[in-house]
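Working notes, structure below.
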Amino acid sequence: MTLRAPRDPGAPVSLSKNGDRSPVARDDAPYLELAGIRKTFGRFEALKGVSLDAARGELMVFLGPSGCGKTTLLRIVAGLESQDEGRIVQGGRDVSTVPAIGRDYGIVFQSYALFPNLTVADNVAYGLVNRRTSRETIRSRIAELLKLVGLPDAGPKYPGQLSGGQQQRIALARAIATSPGLLLLDEPLSALDALERVRLRGEIRALQQRLGVTTIMVTHDQEEALSMADRVVVMNAGRIEQVGTPREVYEKPATPFVADFVGKINVLPAVAEGSGRFRVGSVSLALDHRQDIAAGTEVKLYLRPEEIGVHVNGHAAAGALAAKVAKVEFLGAFCMVGIALDAAGTPSLVANVPRQQVDAGRLEPGTAVRVSLPAGAMRVLS
Amino acid sequence: MHWHDRLAQGLLFACCAALALFLIGPLLMIFVKSVQDKDGVYVGLVHFREYFATPELQQSIRNTLFVATVVTMVTVPLAFTFAYALTRSCMPGKGTFRVIALTPILAPSLMAAISFIQWFGTQGLLKGLLAGASVYGAIGIILSSIYATFPHALMIVLTSLLLADGRLYEAAEALRTPMLRRFFTITLPGAKYGLVSATMVVFSYTVSDFGIPKVIGGNYNVLAVDIFKQVIGQQNFNKGAVVSLVLLAPVLLAFIVDWFMRRRLQAQFSSRAVPYVPRRSPGFDRAMLVFCSAVSVFMLAVLGMAVYTSFIKLWPYDLSFSLRHYVYGLIDAGVIVDYFNSLKMAFYTALFGTLFIFAMAYLLEKTRGMATLKAAVRLVVTIPMAVPGLVLGLGYIFFFNHPDNPLNGIYGTMAILVLSTVVHYYTSSHMTAVTALKALDDEFESVSASLKVPFYRTFFRVTLPVSLPAVLDIGRYLFVNGMVTISAVVFLYAPDTRPASVAILNMDEAGEIGAAAGMATLIVASSTAVCVLYAIVTRYLLRRTQAWRAAPRP
C-alpha cells in the first residue's frame, strides 16, 4: 500500500509569481457540493440555507466567529449531524441521508479524541484493522504514516505521553490512514499553544498538498485561515458572507462583516459627493473607481492600516492630507499609529508603520504628519 | 438508517422495555391497588379515608417523621464534621478513620439494632446510661439509624468538600479573610449541595428502612413496619398499597428538593479546580482527632458487639468463647443455606446489574438520536432513588403475582430477587456509570464512525476498558447492597431463596440473638472480602489494562 497520489495529477498546485496561492485547477464537477443546507436547534437557526462547492484537492476553510454555524456545517458534511433541508453530494454520490459510518472521510477534532488506552500505533491502525488488511501491511502503513507526521518513534507510546501538538499529529495520521476522499479538520489547532499552532499549520498544509486530499477546515482564527486556505468561506449567523481566495477576502471584502472580521481595518463614515468624490468629516477624497454612487448617499469607506502612508517631511505624495499623530502603540516590527485627520481630532485612523520609520520620523502623539489614503485600496461598502 | 444505528436503537428500546417492565409497571400497580378492594373492584379513595381515620396509623406518620427528623439533624452535622476533619485538617490516621466510618455499609441495618439491644437492652451493659428509658422504641431506632446512615451522608459530604477549589482559599487568604469568614463564605457554600443531598438521603433512608424499627422499635410504630404488618401480618394488600403511597410522599418530596438543588448547582465547579491542601494547625488538628476517634469508637462498638455476641455462649451470663451460634444456630438449623442464597443473589445482582446499568448508560450517553426518549429515560432512572424498597417489593408482588402477567413464572424465584435489587439500587450505579462515560471524549464515537468502525467494537475496545474502574465500582456497590438488602426482598423471597438478611429478622424474632449476630457477622465478612478483592483486582487490572494512566509524561 502506498500513500495516495493526488487524484488528479494533472492539476498540481500552482503558485503565481507573487506567491499568491490560487485555487487548484478545478475539474468540471466539484468534489463536494452542498446545496441549501438548513439546520435548526430548537428555535435557533444554525444554518440558514448554505450552498457551497469544493473542488477536488482544495483546502477550504470555514471561518467565522463562534456560533456562526461553521462547526455545524462541518458536522453535517460528516454525517454527525443531520440537516433539516438540503443536499450533500460527495464525489458524485448523494450522501444527504447516508449516516456517518457510510461516508468517506477522515476527521480530526480540537480535542484530538485519541483513544487513551490504545498505543499510538493502535490508534493510527484503528480504522485499518477493520478492513481485513494483513498485519504486515498494517505495520508498514503505520510506520509510513508516523513518519509522514514526523513522529516515527511514537508507535509504542500512549497518547497521554505526548504533547498536544504531537497528539494532534497522531490524530491526523489516524484520519488519513484509510486514505479518505475528504479530510475534515474541526478547529484542529485551537487547543495548542501559539508556537506549536504556527508550526503545525504549516505541516498540515504541506501534508494536505502532498496527498492532494480535499480538505475542509473549521477555524475562528483568521490568520490560520489566510495562511492555509485555497479558499476561505467566511460565515456569520448561519450564512455565508463571502467565498474567495485569502487575498480576495482580505483585499476585496464583499460585506462589512468580512472587512471587519478578516484582519484589521479602518472604517470611515462618508457621504458621496458624486463623480467619485466622498467627504469624510472635513476632508474630501477622490475614489475614481466608484463613480456610480449618487451624491448624498451615506457610505462607509474601508481601508487596511498598512495601506496608509504616513509622511513627516514635505515629500509626501500628491493628495496627502494633513493630520496629527494621536497615539503610538509598539507591536514589535510594526507600530500601530493612531491618526487624527483634522484639527478637531476626528475621525481617527489607524496606520501600521514600520518601526524604523517611526524612529526616523520621531512619531509620537502630537507630531504633525501628512497621510496618503490610496484610493485604489479603499473599499466602499454601504 | 445504517444497521449500526438500528442495532443501537434496538438495544436502547430493549433496555427501556426492561425498565418499564421492572420499574414502571410495579409502581403503577401500587396506585391501581390502592383504589381497589380485595377482589379488584374500583372503590375510589375508601382505603385512604379509612387509613386517615385510624388514630394509630396517624401516630405512625408522626413517629416516622419525628424519628427521621432527629436522625437527620444528628447525622448530617456529624458527617460534615467528620468529612471536614478528613479534608481540612492534618490529623493522623485519616485513611483508617475513613475506613472505620464506612464499615456500617457492609452490614445489614438490622445488625445495628441487634447491637444496640446488646448494649442498652434489658440486659445491656450500658443500660444505666439511658436513665430508665427503654432502648426499644424511638431511642433505639434513632441510635441505630444514625449508625446506618452515617457512611451514606459521609460519602456525599466528603465528595463535595473534596471538590472545593484550593485557589479560592488562596485568594481569600491573600485578601486577609479571617478563618471563620472563609468557612462561611467558601467552605459552606461549596458544600451546600452535598449537605442538602446528604440531608435528603439520610431522611429518606430512615423513613424507608424497615429492619431497624422491626427489631428495636418495640411498640413504637412507624410507616415502614405498618406496611409489613398490613401485607405479611394481615394479608391486606390494598391497605399496604395505601400505606406505601403515604410512605412514598415524604421520600418523593425529599427527592424532588434534591433534584432541583442539583439542577441549580450543576455549573458551580470548574474542572480546572486546584485541590485544597490543608496546613498544620495543632489545636484544630487535635480537636478533629478527638472527634473522629469518638465517632470511630462508636462505630466499632456497634460492629464489635455484634461480632462479639456471635462468638460467646450467652450474653451477658456466659461470656466464654464458643462457635455454638454458628455450628448449631446456623449450620445445624439449616439457616446457613440462606447465607448462600444471599451470596448467590448478590453475585447475580452485581453481574447482571452492572452489565445492564453500564450498557444502558452507554446507550443513553454515547449513541445518537431519539433525544426525547433519552430525556424520558434519564428521568425514569432517577426514580428508584425515591422509592423505598418496601414499596418496590409490594409493587413487584402486585405486578408479577398477577395471574394475567406472562412473567408471573419469575415470582418466587431467585430472578425476581435479583431484578428487584438491581432496580432498587439503580440510580446510584447509573450516576457512577454516567460520570465515567461523560469523562470520555464525546468524539470517540464520531471518530469511529469516520473510520468505519462499528460502535460496539469501540465500546469493547475503548469505552469499556477505559471505564473499567467505574464498572468494577458499580459491581462492588451492587454486591454489597445485595448482601445487606432486606426491604424489597422481604416480600419476594420463597422458602428456598430466603436471603440472609431475612433470616436474621426471623432469628431475632425467635430470640436467637446469637445466631442472628452470627449471620450478620458472616454478611459483614463476605462484603469485606469482596471489597478487599475489589481493591486487589482493581490494582491488578489497572496495572494491566490501564497502563496508559500510569505512563510517564515527557
Side-chain angles (χ1 to χ4, degrees), chain A residues 41-42 74-75 77-82 97-120 122-131 154 156-167 171 174-180 182-184 186-187, chain B residues 1-9 271-272 366-372 375 436-472 541-554:
Chain A
F41 295 104
L74 185 89
R75 293 180 70 88
V77 171
L80 299 172
E81 210 76 71
S82 46
T97 56
V98 177
I101 199 162
R103 298 190 191 185
D104 175 27
Y105 68 93
I107 192 163
V108 173
F109 292 101
Q110 180 182 345
S111 62
Y112 324 133
L114 291 175
F115 304 122
N117 61 323
L118 303 183
T119 60
V120 164
D122 285 342
N123 263 287
V124 174
Y126 203 77
L128 297 171
V129 174
N130 207 37
R131 301 185 180 200
K157 291 186 182 166
Y158 287 101
Q161 293 169 279
L162 305 178
S163 73
Q166 290 171 328
Q167 290 191 51
R174 180 178 64 182
I176 59 176
T178 53
S179 304
L182 181 64
L183 181 61
L184 304 177
D186 185 6
E187 305 230 9
Chain B
M1 192 188 286
H2 198 272
W3 68 270
H4 287 153
D5 288 334
R6 274 186 218 283
L7 177 63
Q9 291 195 356
S271 54
R272 297 180 148 214
K366 298 291 183 182
T367 60
R368 301 187 317 117
M370 298 196 292
T372 321
L437 287 170
K438 283 213 165 135
L440 300 184
D441 197 313
D442 269 343
E443 309 295 6
F444 284 171
E445 281 66 31
S446 307
V447 166
S448 309
S450 80
L451 295 171
K452 304 199 188 316
V453 176
F455 75 93
Y456 50 82
R457 183 192 281 263
T458 302
F459 175 82
F460 286 114
R461 242 191 117 193
V462 179
T463 315
L464 194 60
V466 173
S467 311
L468 203 58
V471 171
L472 291 174
L541 275 181
L542 282 187
R543 207 179 307 146
R544 258 200 47 192
T545 69
Q546 314 261 310
W548 52 276
R549 277 191 210 275
R553 290 188 61 88

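Everything numeric in this text was worked out from a predicted model, so none of it was measured. Throughout, a chain's letter reflects where its sequence line sits, starting with A, and its residues are numbered from 1.
No part of A/Gln110 comes within reach of chain B, as not one of its non-hydrogen atoms sits under 4.5 angstrom from that chain. Within the 4.5 angstrom heavy-atom criterion, atoms from both the backbone and the side chain of A/Arg174 approach chain B. The contact between A/Phe109 and chain B is made entirely by side chain atoms (from C-beta outward), counting heavy-atom distances below 4.5 Å.
Taking the side chain to side chain donor-acceptor pair (under 3.5 Å) definition, one finds that A/Glu187 meets it with A/Ser190, A/His220, sequence neighbours left out. Contacts of B/Thr463 classified as side chain to side chain donor-acceptor pair (under 3.5 Å), with partners at least two apart in sequence or in another chain: none.
In this structure, the separation between OH on A/Tyr126 and CZ on B/Arg461 is 6.0 Å, given to the nearest 0.5 Å. Atoms OG and CD1, from B/Ser446 and A/Ile101 in turn, are 11.5 Å apart once rounded to the nearest 0.5 Å.
Taking both residues in full, the closest heavy atoms of B/Arg368 and A/Gly79 are given as NH2-O, 3.2 Å, listed atom of the first, atom of the second, then distance. Contact detail for B/Val453 and A/Gly127: the closest heavy-atom pair is CG2-CA, 4.2 Å. For the residue pair B/Lys452 and A/Gly102, the shortest heavy atom distance occurs at NZ-C, 4.0 Å. The two residues B/Val447 and A/Ala113 make their nearest non-hydrogen contact at CG2-CB, 4.0 Å. For the pair A/Leu114 and B/Phe444, the tightest heavy-atom approach, listed with the atom from each and the gap, is O-CE2, 3.3 Å.
A heavy-atom distance below 4.5 Å is found between the side chains of A/Phe115 and B/Thr458.
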